Amino acid sequence: MRLTRYFLPVLKENPAEAHIVSHRLMLRAGLVQQQTAGIYAWLPLGFRVLKKIEAIVRDEQERAGSIEILMPTIQSADLWERSGRYQEYGKEMLRIQDRHERDLLYGPTNEEMVTSIFSSAARSYRDLPRNLFHIQWKFRDEVRPRFGVMRGREFLMKDGYSFDIDAESGRRSYRRMFVSYLRTFERMGLRAIPMAAQTGPIGGDLSHEFSILAETGESQIFCHRDLMEMSMPGDDIDYDSDLKPIVERWTKPYARADDEHDPAVFESEVAPNDRLEARGIEVGHVFFFGSKYSEPLEATVSTPEGRSVPLQSGSYGIGVSRLVGAIIEAYHDDAGIIWPESIAPFQVGLVNLGPDKPECVECCESLYAQLNNAGIETLFDDTSENPGVKLSRMELIGLPWQLRIGPRSLKKGVGEIQARRTGENTEVPVDNLVERINTLLGRVSA
RNA sequence: CGGGACAUGGCGCAGCCUGGUAGCGCACCUGCUUUGGGAGCAGGGGGUCGCAGGUUCAAAUCCUGCUGUCCCGACCA
């Protein structure tokens with residue numbers, strides 16, 4: 001993409017309303033634009049990031065056996081009256097009426113709807129287990145939206161739902177999601193720690209919040225330091241195998257947010273040097289709730305014995321739009337964002353430092369064509385602005401690799417590759433630049 | 001939902017206390033110069049001062065109401 005034809009409205013100054021770093025950087029780097037409290041428009045660069053995150057989530061969901069669907073944002077109030085949540089949900093739910101004065105709502109979540117969809121077709125244990133997910137905009141009328149997209153009212157969420165014949169089978173479904181979440185966040189460069197959360201009516205250990213550490217986190221978390229180092233399940237993970245050992249390994253060390261924290265247990269279980277106390281941002285939540293919705297909605301299936309039993313379900317959420325903010329909280333410096341390669345809007349920023357020099361223009365055009373041919377996502381700064389403007393803008397938007405071409409280096413027949421993360425600058429002969437970039441991208445993503 | 005603040009060109013702000021018809025920096029446009037870290041000179045365009053009412057000869061400025069936004073605390077992907 002040529003910058004001269006792109007839409008990248010960067011801000012030189014900090015918008016007054018943004019107080020935390022991710023919000024500031026998202027506005028300054030032209031990722032989003034606020035429309036009203038807690039509601040954002042996604043500009044081209046931010047939208048690319050959102051799509052990258054979505055793709056990783058989708059890939060890991062499918063790998064774990066979940067099936068993608070798409071449910072509407074607008075729902076009828078009927079289903080919610082049957083589950084009892086139409087009253088219960090309160091003011092967080094945006095209620096609407098259509099022209100016939102029928103009650104509708106903008107979905108804050110989809111347990112009722114998905115249960116209805118699934119149970120209308122699933123008749124027996126032979127149709128189980130299944131896991132359906134979708135990635136769709138939600139609306140929760142938060143009392144106090146803040147922190148940019150991290151606590152918006154409208155937000156993009158992956159919500160998945162499992163359906164099983166009995167509780168034991170439900171636990172297996174839960175473990176699949178648990179393990180897939182570890183992998184999902186890892187692929188975005190995040191260390192998300194599963195923390196025991198309130199379990200509601202079912203009890204047991206079947207609710208976990210996945211949080212990443214960040215100074216601006218909304219809750220205080222307490223955990224064993226080992227969790228920061230523990231190895232992740234690899235690409236060869238077999239979701240049909242027994243995942244209990246993995247889940248047990250990850251849930252054994254102490255890890256709780258402030259609402260569940262018990263100082264006495266923490267201090268008895270964790271040695272002083274192993275105690276980690278930090279702020280956390282919740283990016284995912286897995287929850288097994290049994291027949292909480294299937295019973296009121298009369299979603300039943302036949303057992304092998306011919307009895308009729310309610311479906312056993314869990315729900316599994318990932319805050320997709322929140323992750324954009326969360327990742328920036330985890331990866332930035334004074335100059336701007338530092339995108340992990342897996343979700344960077346472009347892999348390479350090609351910068352022409354000598355826009356008035358024919359040899360620089362020619363070289364950049366050639367490189368740009370080569371990079372495109374190699375399938376490397378490139379943002380080409382072909383503007384005629386000053387070098388300082390270009391370089392600081394590139395740093396602000398945080399592309400992992402900068403490829404700088406200027407009269408100074410071109411005289412030596414080289415271009416410069418600068419790593420955004422380390423600031424390391426390498427001179428590479430012009431003819432080898434694309435190959436080198438390819439190697440760098442391969443090395444890091446491997 | 002309790003407490004607090006703010007609202008003035010695209011962005012960041014001053015002006016308000018003590019009423020006299022709007023200004024600064026950045027951005028933008030034109031020209032010339034400049035080009036390896038947010039350029040220089042000259043010229044130029046753009047604002048019913050959030051909305052509605054009131055006081056006054058006169059309101060960005062004083063008064064009332066409304067709306068919007070942000071911050072702190074209790075709740076949530």
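Below, chains carry the letters A, B, ... as their sequence lines are ordered, and counting in each starts from 1. FYI, side chains are in, hydrogens and waters are out, and symmetry mates aren't considered; it's all heavy atoms of this structure. None of the values given here were measured: they were computed from a predicted structure.
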Could you please name the option among [options] that lies closest to any side-chain atom of [X]?
X        : options             : value
A/Ala37  : B/U69, B/A74, B/A77 : B/U69
A/Arg146 : B/C71, B/G37, B/A77 : B/C71
A/Glu395 : B/G37, B/U34, B/G36 : B/G37

_Residue met sooner reading RNA chain B from 5', once A/Gly354 and A/Phe147 are mapped to nucleotides_ =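 Nearer the 5' end of the strand: A/Gly354.
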
*Find which nucleotide of RNA chain B each of A/Leu391 and A/Glu282 is nearest to by heavy atoms, and output the residue with the more 5' nucleotide.*
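The answer here is A/Leu391.
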
*Using the six-membered ring of A/Tyr86, assess whether NZ or CZ of A/Arg95 lies under 6.0 Å from its centre and within 45 degrees of the ring axis.*
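That pair qualifies as a cation-pi contact.
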
Rounding to the closest angstrom, what is the interatomic distance between [N] and [M] at atom [atom1]?
N     : M     : atom1 : result
B/G15 : B/G47 : C1'   : 14 Å
B/C49 : B/G36 : C1'   : 43 Å
B/A7  : B/A52 : C1'   : 16 Å
B/C16 : B/C1  : P     : 37 Å
B/C29 : B/G37 : C1'   : 26 Å
B/A77 : B/G3  : C1'   : 28 Å
B/G68 : B/A58 : P     : 32 Å
B/A22 : B/C63 : P     : 23 Å

*Once you apply the 3.5 Å cut-off to both distances, tell me the Watson-Crick or G-U wobble partner of B/A74, or none.*
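No nucleotide pairs with B/A74.
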
_Let's test this: given Watson-Crick or G-U wobble pairing with both distances under 3.5 Å, identify the partner of B/U21._
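Looking at the geometry, B/U21 pairs with no nucleotide.
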
Would you kindly give the [atom1]-to-[atom2] distance between [X] and [N], to the nearest whole Å?
X        : N     : atom1 : atom2 : result
A/Gln136 : B/A77 : CD    : P     : 18 Å
A/Leu396 : B/G37 : CG    : C1'   : 14 Å
A/Met177 : B/A77 : CE    : C1'   : 16 Å
A/Asp356 : B/U34 : CG    : P     : 9 Å
A/Arg144 : B/G3  : CZ    : P     : 15 Å
A/Asn386 : B/U33 : CG    : P     : 15 Å
A/Leu350 : B/G36 : CG    : P     : 17 Å
A/Glu142 : B/C70 : CD    : P     : 13 Å

*Does the distance from a Lys or Arg side-chain N to an Asp or Glu carboxylate O, for A/Glu229 and A/Arg225, drop under 4.0 Å?*
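Looking at A/Glu229 and A/Arg225, the cut-off is not met.
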
*Before accepting this row, confirm whether a basic side-chain N of the pair A/Arg420/A/Asp333 lies closer than 4.0 Å to the acidic partner's carboxylate O.*
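A salt bridge is present here (some side-chain N lies under 4.0 Å from a carboxylate O).
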
With no hydrogens and no angle check, just 3.5 Å: does a side-chain donor-acceptor pair link [X] and [Y]?
X        : Y        : answer
A/Glu112 : A/Ser116 : no
A/Ser207 : A/His285 : yes
A/Trp401 : A/Glu341 : yes
A/Tyr161 : A/His134 : no
A/Glu209 : A/Ser211 : no
A/Arg2   : A/Tyr368 : no

*Which of residues 11-33 of chain A have a heavy atom under 4.0 Å from RNA chain B?*
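Here the set is A/Lys12, A/Glu13, A/Asn14, A/Pro15, A/Ala16, A/Glu17, A/His19, A/Arg28.
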
*Between A/Lys91 and B/C1, is there a side-chain N or O to OP1/OP2 distance below 4.0 Å?*
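True: A/Lys91 side-chain N/O within range (under 4.0 Å) of B/C1 OP1/OP2.
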
*Using a cut-off of strictly less than 4.0 Å, decide whether A/Thr109 has a side-chain nitrogen or oxygen near OP1 or OP2 of B/A77.*
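Result: no.
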
*asked:* Please classify the nucleic acid contact of A/Pro407 as base, sugar-phosphate, or nothing, using heavy-atom distances under 4.0 Å.
replied: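 The answer is base, as A/Pro407 lies within the cut-off (heavy atoms under 4.0 Å) of a base atom.
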
_Any N or O donor-acceptor pair under 3.5 Å from the base of B/G36 to the side chain of A/Ser409?_
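Answer yes: a donor N or O sits under 3.5 Å from an acceptor.
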
*Sole residue of A/Lys158, A/Lys52, A/Arg187 in salt bridge (Lys or Arg N to Asp or Glu O under 4.0 Å) with A/Asp59*: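 Filter result, single survivor: A/Arg187.
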
Report, one line per pair, each donor and acceptor closer than 3.5 Å where one atom sits in a side chain of residues 9-27 of chain A; sequence neighbours left out.
unit_1: A/Ser22; atom_1: OG; unit_2: A/Glu329; atom_2: OE2; d: 2.7
unit_1: A/His23; atom_1: NE2; unit_2: A/Tyr40; atom_2: OH; d: 3.3
unit_1: A/Arg24; atom_1: NH1; unit_2: A/His19; atom_2: O; d: 3.3

_So if I define the base as every atom that isn't primed, P, OP1 or OP2, how would nucleotides 4-9 of chain B read as a B/S/- string at a heavy-atom cutoff under 4.0 Å?_
------

